[in-house]
Novice: 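Have a look at the structure that comes next, please.
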Amino acid sequence: MSQIIEYATLLDEAAHHATEVSQFDLESRLSLEHAYAIQAASVERRIARGEWRVGVKMGFTSRAKMIQMGLSDVIWGRLTDGMQVEEGTAIDFSRYVHPRVEPEIAFVLKRPLAGDVTGPQALAAVEAIAPALEIIDSRYKDFKFTLPEVIADNASSSGFVIGPWCDPGIDFANLGLTVTIDGRVVQVGSTAALLGHPLRSLVAAARLSAQAGEPLQAGWIVMAGGATPAEWIKPGQHVSVEMERLGRAGFHVKA
Ligand code: OOG
Ligand code: MG
């Protein structure tokens with residue numbers, strides 16, 4: 001127990017002050033259960049500072065991300081309002097350790113969704129879908145971690161940017177997308193990269209959140225996971241994702 005609090009404090013302080021920490025579980029001795037307990041305790045510290053829970057993010061739901069980070073298990077993290085970056089605004093680079101960005105699709109729910117649900121059941125709970133960007137920022141030195149370590153670090157959650165909310169009746173199984181940094185296309189992909197269909201990521205989120213005793217709530221956002229490898233971001237840049245049929249979402253990094 002004391003070790004859970006100790007690591008939760010270490011990681012939360014690092015996220016809060018944008019400092020890096022050394023890996024503490026190089027041999028993956030920490031169980032996944034303990035890793036999620038550390039994550040929960042670290043997010044509790046954010047809640048105690050006045051942030052509130054707004055949803056869930058999924059990780060390693062595409063092969064591109066699994067290959068980039070060398071891990072192959074789907075993970076999840078907790079989103080708070082403090083992580084949301086308003087579309088079109090500028091972030092302060094000094095609030096991050098070594099941020100990266102990746103294109104995702106976001107869901108917002110109109111009703112709770114819990115347990116083992118089917119794709120159609122998951123879709124029926126969706127109020128809207130949106131093109132989105134996730135700003136990930138591992139607190140570990142050199143952005144390197146083991147599976148339990150990244151889970152403990154709230155799956156590198158740091159920021160998320162949501163574009164226009166769209167009708168979930170649009171077929172979003174395989175929408176082309178591009179990530180542009182300063183006018184240069186740096187990644188090209190498709191929403192199909194997410195477990196073959198982004199809805200599968202929502203189905204997994206419903207199961208995993210319920211298992212953790214925190215079922216998905218009406219009004220919650222679910223970020224489905226990066227569809228391409230993540231890109232480093234630097235001060236002064238403008239970053240955007242353009243998604244077929246759904247539109248775009250972007251942000252600036254202050255110089
Ligand atoms: C871990 C978080 C993974 C995704 O979309 O796959 C993730 C990381 O890559 O640092 O957010
Ligand atoms: Mg992500």
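Just so you know, ligand 1 is whichever comes first in the structure, and atom 1 is the first atom listed for that ligand.
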Novice: At what distance, to the nearest 0.5 angstrom, does CG of Asp12 lie from CZ of Arg45?
Specialist: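 These two atoms lie 4.5 Å from each other.
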
Novice: Taking distance alone, with no angle check, do Ser138 and ligand 1 share an N/O pair under 3.5 Å?
Specialist: no

Novice: Please check: side-chain N/O of Gln187 versus main-chain N/O of Val185, any donor-acceptor pairing under 3.5 Å?
Specialist: no

Novice: Heavy atom under 4.0 Å from ligand 1: found in Met223's side chain, backbone, both, or neither?
Specialist: neither

Novice: Is Glu104 reaching over with its side chain to a backbone N or O of Gly225, donor-acceptor style, under 3.5 angstrom?
Specialist: yes

Novice: With a cut-off of 4.0 Å, which atoms of ligand 1 are near a heavy atom of Met69?
Specialist: 9 (O)

Novice: Judged by atom type as modelled, is there a donor-acceptor pair below 3.5 Å linking the side chain of Ser201 to the main-chain atoms of Ala224?
Specialist: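 The answer is yes, because a donor-acceptor pair under 3.5 Å joins these two groups.
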
Novice: Supply the atom-to-atom distance His16 NE2 to Leu11 CG, rounded to the nearest 0.5 angstrom.
Specialist: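 His16 atom NE2 to Leu11 atom CG measures 14.5 Å (nearest 0.5 Å).
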
Novice: Among protein heavy atoms, which sits nearest to atom 4 (C) of ligand 1, and what does the distance come to when rounded to 0.1 Å?
Specialist: Glu102 OE2, 3.2 Å

Novice: What protein atoms of element N, O or S are positioned under 2.8 Å from the Mg ion (ligand 2)?
Specialist: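 The answer is Glu102 OE2, Glu104 OE2, Glu134 OE1.
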
Novice: Side chain of Tyr96, backbone of Asp137: donor and acceptor closer than 3.5 Å?
Specialist: no

Novice: Would you say the side-chain atoms of Tyr140 pair up with the backbone N or O of Phe24, donor to acceptor, closer than 3.5 Å?
Specialist: no

Novice: Taking only heavy atoms of Val150 into account, list the atoms of ligand 1 that are under 4.0 Å away from them.
Specialist: 1 (C)

Novice: Tell me whether the rings of Phe172 and His197 are parallel (<30°), tilted (30 to 60°) or perpendicular (>60°).
Specialist: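 Ring orientation of Phe172 relative to His197: perpendicular.
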
Novice: Go through ligand 1 atom by atom and flag the ones less than 4.0 Å from a non-hydrogen atom of Phe145.
Specialist: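 So the answer, numbered in order with elements, is 8 (C), 10 (O).
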
Novice: Mind listing the closest non-hydrogen atom pair of Ala173 and Pro198 along with its distance?
Specialist: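 It is O-CD, 3.9 Å.
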
Novice: According to salt bridge (Lys or Arg N to Asp or Glu O under 4.0 Å), does anything in residues 83-92 pair up with another residue at least two apart or in another chain? List the pairs.
Specialist: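 Salt bridge (Lys or Arg N to Asp or Glu O under 4.0 Å) check on residues 83-92 returns no pairs.
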
Novice: Checking a contact table here: which protein heavy atom is nearest atom 6 (O) of ligand 1, and how many Å away?
Specialist: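 Checking every protein heavy atom, the shortest distance to atom 6 (O) of ligand 1 gives Phe60 N, 2.7 Å.
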
Novice: For the pair His238 (side chain) and Gly183 (backbone), establish whether a donor and an acceptor sit closer than 3.5 Å, ignoring hydrogens and angles.
Specialist: no

Novice: Backbone, side chain, both or neither: what part of Arg100 comes under 4.0 angstrom of ligand 1, heavy atoms only?
Specialist: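 For Arg100, there is no contact with ligand 1 at all, from either part.
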
Novice: Any atoms of ligand 1 less than 4.0 Å from a non-hydrogen atom of Gly226? List them with their elements.
Specialist: 4 (C), 5 (O), 6 (O)

Novice: Can you see which heavy atom on Thr80 is nearest to which on Glu51, and at what distance?
Specialist: OG1-OE1, 2.5 Å

Novice: Please list, in number order, the atoms of ligand 1 under 4.0 Å from a heavy atom of Ile136.
Specialist: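 Those of ligand 1 that fall under 4.0 Å from Ile136 are 8 (C), 9 (O), 10 (O), 11 (O).
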
Novice: Give the atoms of ligand 1, by number and element, whose distance to some non-hydrogen atom of Met58 is under 4.0 Å.
Specialist: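 The atoms of ligand 1 under 4.0 Å from a heavy atom of Met58 are 4 (C), 5 (O).
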
Novice: Run the contact test for Glu104 against ligand 1 with a 4.0 Å cut-off on heavy atoms, strictly below, and give the result.
Specialist: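 Distance cut 4.0 Å: Glu104 passes for ligand 1.
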
Novice: Distance to 0.1 Å, residue and atom name: give those for the protein heavy atom nearest to atom 2 (C) of ligand 1.
Specialist: Ala155 O, 3.2 Å

Novice: How far apart are the closest heavy atoms of Trp232 and Gln237, and which atoms are they?
Specialist: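 Shortest heavy-atom contact: O-OE1, 4.2 Å.
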
Novice: For Leu216, does its backbone N or O pair with a side-chain atom of Ser209 as donor and acceptor, under 3.5 Å?
Specialist: no

Novice: Apply side chain to side chain contact (heavy atoms under 4.5 Å, CB included) to Tyr36 and Ile75, showing your working.
Specialist: CA-CA 10 Å; Tyr36 277 109; Ile75 62 173; 3.7 Å; yes

Novice: Give the atoms of ligand 1, by number and element, whose distance to some non-hydrogen atom of Gly225 is under 4.0 Å.
Specialist: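 Reading through ligand 1 atom by atom, the close ones are 5 (O).
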
Novice: Report the nearest protein non-hydrogen atom to atom 8 (C) of ligand 1: residue, atom name, distance rounded to 0.1 Å.
Specialist: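 The protein heavy atom lying closest is Ser156 OG, 3.5 Å.
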
Novice: How far is atom 11 (O) of ligand 1 from its nearest protein heavy atom, and which residue and atom name does that atom have?
Specialist: Lys57 NZ, 2.6 Å

Novice: If you count the atoms of ligand 1 from 1 in the order shown, which ones are under 4.0 Å from a heavy atom of Gly59?
Specialist: 3 (C), 4 (C), 6 (O), 7 (C)

Novice: Which protein non-hydrogen atom lies closest to atom 9 (O) of ligand 1, naming both residue and atom, and how far is it?
Specialist: Lys65 NZ, 2.7 Å

